[in-house]
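Working notes, structure below.
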Amino acid sequence: MTTAATHCPYCALQCAMTLRRVDGAVTVEPREFPTNRGGLCQKGWTSADLLDHPERLTGPLLHGRPVSWDEALDFVAAGITRTQQEHGRDAVGVFGGGGLTNEKAYTLGKFARIVLRTSTIDYNGRFCMSSAAAAGMRAFGLDRGLPFPLADLGTADAILLAGGNLAETMPPILRHFAAGNLIVIDPRVTATAARATLHLQNTPGTDLALANGLLHLAVAEGLLDSDYIAARTTGFEPVRATVASYWPARVERITGVPIEDMVRAVRMLGGAGRAYILTARGAEQHAKGTDTVSAFINLALALGLPGNRGGYGCVTGQGNGQGGREHGQKADQLPGYRRIDDPAARERIAGIWGVRAEDLPGPGPSAYELLDGLGTATRALLVFGSNPVVSAPRARHVTDRLRALDLLVVADLVMSETAAIADVVLPTAQWAEEDGTMTNLEGRVIRRRKLMDPPEGVRTDLDILAALGDRLGVAVLAEPEAVFAELGLASSGGAADYAGITYDRIDAETGVFWPCPDPGHPGTPRMFEENFATPDGLARFVAVEHRPPAEDVCEEYPVYLTTGRVLTQYQSGAQTRRVGRLPGELFVELHPDLAARLGVAAGEPVTVSSRRGSVTAPARVSETIRADTVFLPFHWAGVNALVNPALDPTSRMPEFKVCAVRVEKP
Ligand code: SF4
């Protein structure tokens with residue numbers, strides 16, 4: 001028997017688990033850890049089912065034909081060289097993922113910048129947490145999803161959660177939530193909203209107005225922490241002036257939330273000894289997502305919460321949603337959460353990589369802009385840890401762009417929808433077959449430990465990148481612990497500083513929180529207790545105004561569409577849809593009033609159409625959704641085809657969470 005103490009391969013909670021292998025069969029058991037406290041959800045319990053799944057890829061494919069690794073890699077390297085000779089270095093792009101280990105995220109960024117020397121790299125985390133990251137940076141000078149340990153939520157007298165369905169996305173996290181103190185903002189009565197003390201069921205796309213309205217009420221009710229505002233923040237007066245016009249009656253009209261519920265919410269938060277405000281994708285995935293998060297941060301600051309009597313945090317979704325955004329696979333970033341256009345950062349990282357700073361490419365297009373430019377600006381694309389045919393906004397258009405490439409290379413463990421249209425498919429190892437680190441939603445760096453070798457014919461992403469580097473004449477490290485050591489060096493002095501973290505330390509402790517600048521440093525579970533990470537140490541208020549969704553309802557498209565997750569599925573579903581023990585099928589959730597107007601009964605097919613596409617699925621008729629809104633889970637192909645790719649001007653986040661649709665019988 002072999003065992004490995006590791007963590008779940010799926011979401012950002014990274015629940016601890018023990019894997020046991022007996023006679024080739026792998027079983028999963030939950031493991032006690034400060035995050036999951038001995039819990040796992042269905043996805044974690046069944047995560048080993050994919051290890052010997054019959055649909056697992058076990059050898060490279062070239063135009064659908066099984067080939068040797070040498071033939072596949074030679075073909076890819078030749079295609080990269082030819083494309084760059086004919087169209088320039090930026091014509092080859094890289095698309096990464098928020099589920100990749102820290103070592104892979106770092107190596108992918110390094111590979112793009114010094115092997116390909118392309119500026120064309122971004123990743124699917126742009127679609128996930130970029131608005132919260134941008135708002136956190138401008139308020140606090142630093143972005144760490146939760147700047148406090150999860151256990152601190154257990155000390156809260158009140159928690160406001162805007163746009164998150166934690167009871168389905170990461171159920172064990174609720175072990176940190178005490179009964180009777182939760183306020184949820186969501187257009188649906190989700191499993192999470194159903195257990196809340198107070199549910200504010202707002203119109204999709206109105207979270208910003210609601211946050212401004214709550215701050216207006218906090219001012220009116222005398223709930224501001226004036227000493228904290230004076231001592232620890234700057235810029236409150238313009239915000240006070242802005243929210244002055246968010247009268248309760250106006251906010252009720254915009255959001256649909258009753259005034260008395262808003263009053264109750266702000267009294268719960270303002271009257272609490274300790275309170276936390278959390279945002280998730282429902283509030284963030286908008287063309288005004290950064291400003292929406294700023295509005296919630298303004299509320300948290302005005303009540304004196306961050307680094308004081310509670311805090312603000314973003315509940316990151318993807319497995320390495322935190323680490324994935326720190327090490328350089330973002331279009332505008334170098335390792336250590338450094339800006340790629342910062343001359344000092346370029347000098348430092350170039351020195352570690354043994355290249356000249358002037359040879360490092362500059363910032364490139366954001367994820368949707370990169371995908372939108374395939375076949376024109378970008379002629380070849382390497383995809384690691386992502387399935388944009390299902391997960392990208394305006395997905396049918398993105399699929400057409402992927403098909404227009406001269407060369408599409410996909411590294412994945414199963415034949416995802418994106419792999420299915422690739423020229424070259426490279427089979428990759430699964431989480432139980434490799435070592436590495438992940439950084440969970442608290443900023444705690446944890447170990448992914450190998451249980452067994454990958455099947456013959458399968459390689460790790462790091463091995464693939466190193467083999468391609470060899471063919472293109474630049475050496476790239478493939479051994480995870482060596483990569484982590486270099487990553488720590490590269491991050492040293494940056495915002496996300498891992499320099500004092502080692503595999504041995506993570507093993508000896510229950511993970512290590514960044515920043516951890518040297519081996520003697522204890523790590524930083526709680527941030528902002530003394531100062532914020534801004535030049536003057538003060539948090540910044542940012543005045544923000546509500547505006548309608550980029551695409552509002554109209555006569556032709558009179559219903560809002562919002563999307564989200566379900567308990568048994570994860571992200572694009574490429575993995576979880578293949579696990580037989582995880583049930584699930586696409587459905588359209590709609591209110592009985594809307595169903596009656598359409599003459600649709602539960603279970604009958606219904607078609608949802610936007611200006612970009614349509615999808616047909618069985619109706620799930622339920623009073624858990626507003627009558628002006630339908631809901632689709634996004635784990636199935638076709639759903640994101642409907643989504644509006646309007647981008648947030650700061651974060652470049654597409655507007656996943658609201659667009660206008662028509663609903664009808666097929
Ligand atoms: Fe835990 Fe998330 Fe895995 Fe579920 S999917 S077991 S909540 S890490």
Side-chain angles (χ1 to χ4, degrees), residues 4-20 26-51 97-102 124-125 128-129 145-146 149-151 153 161 164-177 190-192 195 278 280-281 313-324 385 387 391 413 430-432 436-449 451 510-511 564-579 581-584 633-635:
T6 189
H7 296 263
C8 175
Y10 297 123
C11 85
L13 190 57
Q14 286 292 292
C15 295
M17 56 172 54
T18 301
L19 300 179
R20 290 184 206 287
V26 178
T27 57
V28 175
E29 288 170 21
R31 188 162 61 86
E32 191 61 36
F33 203 72
T35 48
N36 57 312
R37 292 184 169 167
L40 291 177
C41 79
Q42 293 175 40
K43 299 179 283 283
W45 275 110
T46 57
S47 54
D49 290 17
L50 280 174
L51 288 168
L100 299 175
T101 61
N102 291 319
N124 66 17
C128 186
M129 38 39 66
L146 299 182
L150 269 177
L153 294 176
L161 171 64
N165 183 12
L166 306 181
E168 294 204 58
T169 57
M170 49 177 73
I173 197 175
L174 295 178
R175 296 175 180 216
H176 298 278
F177 287 60
T190 61
T192 314
R195 58 178 281 162
L278 307 174
R281 305 304 83 70
C314 152
V315 185
T316 299
Q318 289 199 79
N320 199 21
Q322 182 66 50
N387 186 14
S391 60
L413 52 106
Q430 295 193 41
W431 99 113
T437 60
M438 306 283 276
T439 304
N440 77 357
L441 76 177
E442 317 162 279
R444 184 196 304 254
V445 186
I446 55 175
R447 282 270 280 116
R448 173 176 281 189
R449 298 183 183 89
L451 175 76
T510 48
R565 306 191 213 182
V566 295
L567 174 63
T568 55
Q569 300 295 321
Y570 178 68
Q571 299 299 80
S572 79
Q575 296 170 78
T576 46
R577 278 186 276 119
R578 287 177 162 84
V579 175
R581 291 194 287 163
L582 290 176
F634 59 60
H635 312 288

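Order of listing sets the numbers, starting from 1, for every ligand and every atom in it. Heads up: numbering here begins at 1 and tracks the sequence.
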(Q) Taking 4.0 angstrom as the limit and counting only heavy atoms of Gln14, give me the atoms of ligand 1 inside it, by number and element. (A) 8 (S)

Q) Are Asn124 and Gln318 linked by a side-chain donor-acceptor pair shorter than 3.5 Å? A) yes

(Q) If I take every N, O or S atom of Cys15, is at least one of them less than 2.8 Å from atom 2 (Fe) of ligand 1? (A) no

Q.
Among all protein heavy atoms in this structure, tell me which lies nearest to atom 6 (S) of ligand 1, with the distance rounded to 0.1 Å.
A. Cys41 N, 3.4 Å

(Q) One residue to check: Met17. Relative to ligand 1, which of side chain, backbone, both or neither has a non-hydrogen atom less than 4.0 Å away? (A) neither

**Q.** Straight-line distance of Asn320 CG to Leu100 CG, nearest 0.5 Å
**A.** 8.0 Å

(Q) How close do His635 and Arg565 get, counting heavy atoms only, and between which atoms? (A) NE2-CA, 3.2 Å

Q. At their closest point, which heavy atom of Met170 faces which heavy atom of Thr316, and how far apart are they?
A. CE-O, 3.5 Å

Q: Anything under 30° is parallel, anything over 60° is perpendicular, the rest tilted; go ahead and classify His7 against Phe33.
A: perpendicular

Q: Show which atoms of ligand 1 fall inside a sub-4.0 Å distance from at least one heavy-atom site of Tyr10.
A: 5 (S)

Q.
Can you confirm whether the side chains of Thr576 and Gln569 place a donor and an acceptor under 3.5 Å from each other?
A. yes

(Q) I'd like to know if atom 4 (Fe) of ligand 1 has an N/O/S atom from Cys8 within less than 2.8 Å of it, counting both backbone and side-chain atoms. (A) no

Q) Looking only at heavy atoms, is any part of Pro172 under 4.0 Å from ligand 1, and if so is it the side chain, the backbone, or both, or is it neither? A) side chain

Q. Which atoms of ligand 1 sit under 4.0 Å from any heavy atom of Gly44?
A. 6 (S)

Q: Check Lys43 against ligand 1 and report side chain, backbone, both or neither, counting heavy atoms closer than 4.0 Å.
A: side chain

Q: Give the residue, atom name and distance (to 0.1 Å) of the protein heavy atom nearest atom 2 (Fe) of ligand 1.
A: Cys11 SG, 2.3 Å

(Q) Using 0.5 Å steps for rounding, measure from the SG atom of Cys41 to the CG atom of Leu582. (A) 8.5 Å

